[in-house]
Amino acid sequence: MVSLFFKALNRNRFKTFLIYLSITVAITAIFMITSISRGIIGMYSTMLKSEGDIIITQAKIADTFFSDVSVSLVPSVQTIAGIKEVYALILGASPINELPIAAIYGVSENRFKTYALTQGSYPKKGEVMLGKNIDARLHSPKSVSISNKMFTVSGIFENGVGFEDGGAVLNREDASAIFNKEASILLASIDKSADATSLIKHINALSPDIEAKTTHEFVDNYNQFKIIETSSNVISAVAFLMGLLGIASLISITINERRSEFGILRAIGKSSRFIMSMVVGETFIITCIGFISALLLSKGLLLMIAHIEKFQGYVNGELSVQTIVVVFGFSLFMALLGALLPAYSASKIDPIILIQRGAL
């Protein structure tokens, strides 16, 4: 029976190729849009969650880049029972040498340990540590200009997070002089047995100008992530729906043009069930081949994008199992819908009429 499916697909090579191409392009588009948006969110959340269970920002602020938190709070937070360590971070962006924009991180000295050095040492005053990607983009410079100030490159690090590997790390004091703030955020790591909710209440009671949340809660409710995710979902849904409708239409037209073939099969004694099973088998095979091709193509494109120096690692993708399963399910459903409706209609018409008229 399987050999019949492949023979039928081989008889209509051009249309089979068009269906295959449509399926591959539509699914690749949804994979790329979804995975890149989720990759951006995943990179930022991974960076925050590194040695950070609780994040402290300025109260009622829309974005962490605009947040300004006083480092004088660090000793007070550190003394709360259940808090292991507190880190101060400045999050900013600035031109570096010929690059028009790059991420700049100013971190307290105790935060340096979260950066995996591949060469050199952690930065002292007047020094900077470059991520692997930006170091390659700048051709391993000995010094760099950040906001018109020169810094000696003390070392190179690789954390596996695009936002960090594509940026530069200064000590907090140097970054403070550039961005005119003490800290954008404070990150606190807590004991495993500690109650995060209780600790957050204690931290928020220290000042009305701050807001503490768990890093999980912060990432889930971060406005910029919601905008990115909502936008990508809408664009993906529209692109995917248009692609699937095109696939369903193309398959439907192809099946309609085979009505005379179905009439001959009925005339020689083949049942309606046989015709339906043949259509289902052909559709399933072409959809699976197109889906696998799209999955491999998407993986290849994401890998290529991750290694393009121009992007500095900021553009990355995460293709989840959930996305793969959902996309496969919808693709197969729409393809079968486009194939079964005309096939079912043909199976109920007198074989002589199908043979005489071909398509109705």
Side-chain angles (χ1 to χ4, degrees), residues 17 20-50 93 96 98-103 105 114-119 129-140 156-169 219 224-225 227-229 231-240 242-244 247 286-332:
F17 175 73
Y20 161 77
L21 190 63
S22 299
I23 292 171
T24 303
V25 170
I27 295 175
T28 299
I30 184 73
F31 278 159
M32 294 300 293
I33 295 170
T34 304
S35 60
I36 288 176
S37 65
R38 288 186 177 177
I40 292 171
I41 295 171
M43 283 190 294
Y44 195 72
S45 62
T46 299
M47 182 181 72
L48 293 180
K49 291 172 184 177
S50 177
I96 299 183
E98 68 269 20
L99 298 181
I101 195 74
Y105 304 101
T114 63
Y115 297 94
L117 279 172
T118 58
Q119 66 181 73
M129 178 171 59
L130 298 179
K132 180 196 71 170
N133 295 334
I134 196 170
D135 177 66
R137 185 89 169 86
L138 295 172
H139 309 293
S140 302
I156 312 299
F157 70 90
E158 181 180 4
N159 274 10
V161 178
F163 282 165
E164 291 185 314
D165 291 347
V169 177
V219 169
Q224 309 298 22
F225 291 167
I227 292 169
I228 292 171
E229 195 165 18
S231 300
S232 70
N233 286 342
V234 171
I235 294 169
S236 298
V238 172
F240 195 41
M242 290 178 66
L244 290 181
I247 294 166
I286 192 66
T287 302
C288 286
I289 293 173
F291 180 84
I292 293 169
S293 298
L295 182 58
L296 294 175
L297 178 60
S298 299
K299 291 277 190 181
L301 288 172
L302 290 173
L303 185 64
M304 182 181 70
I305 288 171
H307 288 84
I308 294 177
E309 280 190 6
K310 190 174 182 179
F311 293 150
Q312 298 170 216
Y314 295 153
V315 181
N316 213 326
E318 290 182 2
L319 200 52
S320 68
V321 175
Q322 182 184 4
T323 300
I324 293 172
V325 172
V326 170
V327 171
F328 177 72
F330 274 108
S331 302
L332 187 59

Kindly indicate whether the side chain of Phe291, heavy atoms from C-beta on, has any atom under 4.5 Å from the side chain of Val327.
yes
Evaluate the side-chain proximity of Phe328 to Ile27: yes if any heavy-atom separation is below 4.5 Å, no if none is.
no
To the nearest 0.5 Å, atom CD1 of Ile23 lies from atom CG of Leu332 at 9.0 Å
Rounded to the nearest 0.5 Å, what's the gap from OG1 on Thr24 to CG on Leu295? Could you check?
11.0 Å
So, taking the atom named CD1 in Ile286 and the one named CZ in Phe17, what distance separates them when rounded to the nearest 0.5 Å?
10.0 Å
Mind checking what makes side chain to side chain donor-acceptor pair (under 3.5 Å) contact with Ser293, not counting sequence neighbours?
Tyr20
Smallest heavy-atom separation, Met129 atom then Leu117 atom, equals SD-CD2, 3.5 Å
Looking only at heavy atoms, which two atoms of Gly166 and Ala102 are closest? And how far apart?
O-CB, 4.4 Å
Check: Asn159 side chain, Asp165 main-chain N or O, donor-acceptor pair, under 3.5 Å
no
Taking side chain as C-beta onward, heavy atoms only, is Leu99 less than 4.5 Å from Arg137?
yes
Under the side chain to side chain donor-acceptor pair (under 3.5 Å) test, which residues partner Thr323, sequence neighbours left out?
Arg38, Ser320
Taking all non-hydrogen atoms of both residues, which atom of Gly167 and which atom of Ile134 are closest, and how far apart?
O-CG2, 3.3 Å
On a heavy-atom basis, which atom in Ala168 and which in Leu130 lie closest, and how many Å separate them?
CB-CD2, 3.8 Å
Nearest 0.5 angstrom please: Leu302 CG to Met32 CE, how far?
4.5 Å
With a 4.5 Å limit on heavy-atom distance, are the side chains of Glu158 and Asn133 in contact?
no
If I take atom CG from residue Leu297 and atom CD1 from residue Ile292, how far apart are they, to the nearest 0.5 angstrom?
13.5 Å
Measuring from Glu164:CD to Tyr105:OH, what's the distance to the nearest 0.5 Å?
6.0 Å
Is it true that atom CD of Glu98 has more than 12 heavy atoms of other residues, nucleotides or ligands lying nearer than 6.0 Å?
yes
